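Everything on this sheet refers to the single structure shown next.
Heavy atoms only: backbone and side chains are in, while hydrogens, waters and symmetry mates are out. As the structure is a computational prediction, the values presented were derived from the model and not from experiment. Here is how names work: the chains are called A, B, and so on, in the same order as the sequence lines, proteins then strands, and each is numbered from 1.
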There are 4 protein chains.
Amino acid sequence: MKRLGWGMIGGGEGSQIGPAHRLGARADGRFDFVAGALDHRAEIGRDYGTQLGIAPDRAYGSWQDMLAGERGREDRVDLVTVATPNATHFEITKAFLEAGFNVLCEKPMTMTVEEGEAIVEIAARSGKICAVNYCYSAYPMVRQARAMVRNGELGKIRLVVTNFSHGHHGDATDADNPRVRWRYDPAQAGISGQFADCGIHALHMASFIADDQVESLSADFASTISSRQLEDDAMVNFRMEGGAVGRLWTSSVAIGRQHGFDIQVFGETGGLRWTSEQPNQLVYTPLGRRTQIIEKGEGRLHEDAQRLSRVAIAHPEGFPLAVANIYCDLADAISGEIRDGLPLAQDGVRSMAAVHAAVASARENGAWKDARPSIFR
Amino acid sequence: MKRLGWGMIGGGEGSQIGPAHRLGARADGRFDFVAGALDHRAEIGRDYGTQLGIAPDRAYGSWQDMLAGERGREDRVDLVTVATPNATHFEITKAFLEAGFNVLCEKPMTMTVEEGEAIVEIAARSGKICAVNYCYSAYPMVRQARAMVRNGELGKIRLVVTNFSHGHHGDATDADNPRVRWRYDPAQAGISGQFADCGIHALHMASFIADDQVESLSADFASTISSRQLEDDAMVNFRMEGGAVGRLWTSSVAIGRQHGFDIQVFGETGGLRWTSEQPNQLVYTPLGRRTQIIEKGEGRLHEDAQRLSRVAIAHPEGFPLAVANIYCDLADAISGEIRDGLPLAQDGVRSMAAVHAAVASARENGAWKDARPSIFR
Amino acid sequence: MKRLGWGMIGGGEGSQIGPAHRLGARADGRFDFVAGALDHRAEIGRDYGTQLGIAPDRAYGSWQDMLAGERGREDRVDLVTVATPNATHFEITKAFLEAGFNVLCEKPMTMTVEEGEAIVEIAARSGKICAVNYCYSAYPMVRQARAMVRNGELGKIRLVVTNFSHGHHGDATDADNPRVRWRYDPAQAGISGQFADCGIHALHMASFIADDQVESLSADFASTISSRQLEDDAMVNFRMEGGAVGRLWTSSVAIGRQHGFDIQVFGETGGLRWTSEQPNQLVYTPLGRRTQIIEKGEGRLHEDAQRLSRVAIAHPEGFPLAVANIYCDLADAISGEIRDGLPLAQDGVRSMAAVHAAVASARENGAWKDARPSIFR
Amino acid sequence: MKRLGWGMIGGGEGSQIGPAHRLGARADGRFDFVAGALDHRAEIGRDYGTQLGIAPDRAYGSWQDMLAGERGREDRVDLVTVATPNATHFEITKAFLEAGFNVLCEKPMTMTVEEGEAIVEIAARSGKICAVNYCYSAYPMVRQARAMVRNGELGKIRLVVTNFSHGHHGDATDADNPRVRWRYDPAQAGISGQFADCGIHALHMASFIADDQVESLSADFASTISSRQLEDDAMVNFRMEGGAVGRLWTSSVAIGRQHGFDIQVFGETGGLRWTSEQPNQLVYTPLGRRTQIIEKGEGRLHEDAQRLSRVAIAHPEGFPLAVANIYCDLADAISGEIRDGLPLAQDGVRSMAAVHAAVASARENGAWKDARPSIFR
């Protein structure tokens, strides 16, 4: 198996997400970390890159330098990960796609729907992969859930209920902490706070497992800490194209919830439950029968779930390896085997459309809005 | 302690709720079961009553006979429980209150808000107790939760999230089963299905623990099984008078959920979680500290929680003893010691107002509605 | 259904176990509490009895008075519960059995094996029921477990693993508290501390579910708080007559365990797990298939489990209703329908033999001992 | 940070443990996988090595070739992992240590105590690191548990209770499956089956967290599937040098248990519980206070727990990253910063002494045996 070249933009020293990407890319030995522009401060970024083992000539001072440097190389990177501040995702992703690179972009892929639609179009034109890091969808048991739905094991889906709630922004006295504050400040975060931060993971998950798309939604937003301009708690009701009803609650003031990202999917002949704090099990109830525990690695899983698990049953695998699974799928995709589950630019633009629809709905007291980008209506 | 006389209307042979009330009334030995009109079929009801140990002259053939018979007795019952079909609650409760009896009415107390308001007024005028069987609020750890909120242990309440979801009506092929069908038929169930059946327990619980009242709401109803006229799944967003945000999801098609009645309450300085399938614990997280498990019987509970528990820590107590706690509070109330937690006609009419507001909102695509009866606006 | 007369010895004001028995006897309305000798202080016992509704002439000052008073009555009690200090169980139980009363004796039934054997013989001769309050075995899901084993759903049993551990005696500074100290003092507690107090519940449960008897055992006892003469922690390995291996751990210094009474049973074709803190579920894994959750009330339970549950699926029932189930079985037995699951004097004497065998083994560094009373060898 | 050179012996295609080591070594980017003798079939091993990216001249056909090849190189590997069949561990580990390589050996380190003692001596003489892969001890929350014990947060330890039980060998019809059978065949597995396979992980964990050593033990072994010569179920009671009592149960026929490796530690002032299927939490009860949930990443953990966690609170990390933590500690150790928690040859020889003591005890009906290698008596 040929090892691929990988580069990263952003994710420098002190970043949370940088190490997760590096671990994810490295874990299965399919990528070599060979290039990077890790910091907007050129010198610091170059130093950190060489410290991490990048050759000096590929430890770039800016993404523009990296683009210029890599595009000319024979051995240019096979994949670029964009882990910069949200507002810059569009510009960088666009530039690299246009130059013929495969890109993994952190979420949110863009700030507007129009930008998102542009990325979809550019990716299509370039023939390159533009993936978005909805990494929760790469947990083996999430892939199992999706496969079960596709396989008809739940019948037609009626209802999807998902939460992504935590309490880490619940301290009002901490509201001026810059690591918290920016998320509720439209100048930095855009038009939505908690829904854009966590809610879209849950919404993507709903579509992913139910194997259907969100068509319309109605939102109720609240800023429970009054100094906040953007919402720290949101409820979104939605309808999917196939007719399923959706319920999504997301909060950052749910004190005591640590990482309360859960999903339940109910169909005509069964129900499923998955929770991100115990990601290695899936709780399944076939209609009229007992609830069963499906375990990662149990040996009768669908192929995608089997493939993305590394160690034996009940040996837990966690979040960093879900990120690694995105990289596995990317390595396969770059090598020509497109995996159906890999989240792409299409997913990214759908999220942006949902964010904009939710904000508009919340402003109009919950009026129902079309949640789709115009290219998918 | 003087034992009190107790009678029951409805709850005859084969009824689910009848045995729960008899166990509840008997468990602590404060009531003697001395009178009853247990079935609308007079003979069957009388037979069953004597079988259960009621003296023949107090085993009545109808509630009207019971009213006539008991009102004239010196040793008339101290409490009448009304456990008849929903549409008859108003008439019977009204008649017994007016005749000077204390009443425990099953939920829903009435079918309309106006009837509910009438009951509140009649109860006030009569000086008698009219309680409604929101028995979940009588679990010791629910009382503990309310006491903690009142005591300021969570700070000002920001957010209440509650679910009451099960999957027992999730089988479409069972939709014609008369035990299921009537709940979704307006001719029998009234204007609401699942929200009126389970949702109002959750809404009452929200008010009860948060120690606040629901002011307004917005509802999204769905009949996920298309033959149903009334909703089998509902989401209700609400606001409380004190400003708290509320989220309530209720479903009867959540296959695999057995009795998914949970509540989470989040304030400025802490969060709580309680779930009805493990009712003897309360999960509490003070802001910035670790999550703790509060156990029934642990010895540092608030008075009300301590009083309503019978056996030592971690010896579970369940649903029938929550009903018994309602009877404990009623025995105290009849004996002159009014317990703050006992759910009363005021709670019953608030529920009806919320049901009507939710139905109106759902019909208008989620328009926000005042959820209060006019007497409480 | 004829209501039966019930009387109680011991269980006076302030007792833990007294209220549990009264609730248990009352819950299903099959017994009337008509006689009692509730306290060794005659006046206090009589007062408390009348306070609880016993007629003055049947509120006795001593068990001897009660025996004398009741044996002469036409309407004498149908059942006597003995809930006095352990050392008196034998004498009182013997006297009432010999006088032709049915008896429910608290555990331990006696202090010696010989006394236990005598009770078995007397009960047989008298034709009366002598039950012992191993109430955990009356939980519906424990009955389900036993029925599954009998029904061959686990195949031949290979292994039983059970724990009964708590931490309520873990505070060394509390070791002089008289409510704790007596349990570790041979003058008051007899030859064993924690094993005789909690361990024998677990050992009975092992026999009960595995439907087999303990044949031999090896014990390791420890007094982890050095001031204690009797063990506060014990491990007992055992073998059953049918060949199954047993492991039993019991402790009172397991700080953080509240009521850690669990059992796992493993056979050739499946495994089961039950835990007393969540008694309404049973976790079942058929060989080579997924783990399933069996719920009280689920509708496909074995008859005994179905019969002893009162409210719908996932409405929890707890410890007091397990005690009530013992009274249900007793009411049936007195009425002529002997229930197989009711724990009897035979179980009581087996426990005493096991206690004596364990103590002897522990003293000899774990030497294996026959655990059976001589009448069952 | 200089990247280190790493090589592997064994762990070829189809091996379970090979990929876990490679992932562990790669995850944090501190080792480059540069040499290997991955299979006892020379050609297959060389091919697989080059496939995994090893240069052809360092893809060796045997461990002897690798030893010869690497010892002469300037850039020789900094660490060799030995993941060959158990019976070969001693010879290979010894050879590489003597040649001046650092070694990570899979467990069991040797087959006899004498061999283990030899390794300890050789490692000391060589000044090289000889680690043993007790990887469970490298979970962040296990390190936290140990730190809490050391820090006195539980007081003097009284009791350690640990289980390592699964049911994956519970199918008697599968007993001839070669992947199962060898474990119970003395010719292949040595003198112990399940205890040597899983039990020693639990015993190491007990010592690790309690920060004390096992002094003596008494064992009860059973072959519940009669065709097995070695035990598939074992109970070991032990005493630690500091006086603590230990209980260890291990089984491979516990059908329904997947990976039931749990530990509870009880001291004078608190109790702890950790379970390998939910490794990111620790349950802690300070004496007389409520049980608390300690979360990986919570921000008030002891240094060692903090250091070995990569992603934010409640983002689970699992088994492969526990292995990676061993490699982190090894990278530090090789770089001169010895981490206290790294399991070493001393731990390996203690395990062998315990296995031999347990076998001897089981043969003598549980007679107590000194569990220490002679060098540590």
Side-chain angles (χ1 to χ4, degrees), chain A residues 1-3 16-33 48 50-54 135-136 139-140 165-168 256-261 275-281 293 295-299 309-324, chain D residues 1-3 16-33 48 50-54 135-136 139-140 165-168 256-261 275-281 293 295-299 309-324:
Chain A
M1 202 180 295
K2 184 180 155 297
R3 287 163 74 97
Q16 273 264 3
I17 200 68
H21 278 282
R22 287 191 286 274
L23 196 159
R26 265 196 299 250
D28 297 287
R30 300 183 63 184
F31 288 95
D32 283 320
F33 181 28
Y48 193 54
T50 52
Q51 225 180 291
L52 293 175
I54 297 176
C135 53
Y136 298 96
Y139 270 111
S165 293
H166 65 78
H168 303 302
R257 300 295 299 262
Q258 301 297 352
H259 191 242
F261 182 13
T275 170
S276 76
E277 296 193 20
Q278 280 180 260
N280 296 291
Q281 285 80 31
I293 312 300
E295 296 271 353
K296 178 194 73 74
E298 69 172 31
S309 160
R310 292 160 188 80
V311 279
I313 187 166
H315 289 66
E317 296 178 60
F319 181 85
L321 297 187
V323 176
Chain D
M1 201 182 297
K2 185 180 156 295
R3 288 163 74 98
Q16 273 262 3
I17 199 69
H21 278 282
R22 287 190 285 273
L23 196 158
R26 264 197 299 251
D28 297 286
R30 300 183 63 184
F31 289 96
D32 283 320
F33 181 29
Y48 193 53
T50 52
Q51 225 179 290
L52 293 176
I54 297 177
C135 53
Y136 297 97
Y139 270 111
S165 293
H166 64 78
H168 302 302
R257 301 294 298 261
Q258 301 297 351
H259 190 244
F261 182 12
T275 171
S276 77
E277 296 193 20
Q278 282 180 259
N280 297 291
Q281 284 79 32
I293 312 300
E295 295 272 351
K296 178 194 72 72
E298 69 173 28
S309 160
R310 292 160 188 79
V311 279
I313 187 166
H315 289 66
E317 296 177 60
F319 181 85
L321 297 187
V323 176

Between A:Ala312 and chain D, which part of the residue has a heavy atom less than 4.5 Å away: side chain, backbone, both or neither?
both

Proximity breakdown for A:His166 and chain D, heavy-atom pairs closer than 4.5 Å
neither

All side chain to side chain contact (heavy atoms under 4.5 Å, CB included) counterparts of D:Ile54, not counting sequence neighbours
D:Phe33, D:Arg58, D:Ala59

Do the ring planes of D:His315 and A:His259 sit parallel (below 30°), tilted (30 to 60°) or perpendicular (above 60°)?
tilted

Side chain, backbone, both or neither: which part of A:Arg310 has an atom under 4.5 Å from a heavy atom of chain D?
side chain

So what's closer than 4.5 Å to chain D heavy atoms on A:Pro19: side chain, backbone, both or neither?
neither

Which one wins on heavy-atom pair count under 4.5 Å against chain A: D:Gly29, D:Ser276, D:Ala314, D:Ala20?
D:Ala314

A:His168/D:Ile313 under side chain to side chain contact (heavy atoms under 4.5 Å, CB included): CA gap, chis, key distance, verdict
CA-CA 10 Å; A:His168 303 302; D:Ile313 187 166; 3.6 Å; yes

Which one, D:Arg22, D:Gln258, D:Glu295, leads in non-hydrogen pairs under 4.5 Å with chain A?
D:Gln258

List in chain and number order the residues that pass side chain to side chain contact (heavy atoms under 4.5 Å, CB included) with A:Pro320, two or more places apart in sequence or in another chain; answer none if no residue qualifies.
A:Leu23, D:Val311, D:Glu317, D:Leu321

When you measure from the side chain of A:Arg26 to the backbone N and O of D:Ala27, does any donor-acceptor pair fall under 3.5 Å?
yes

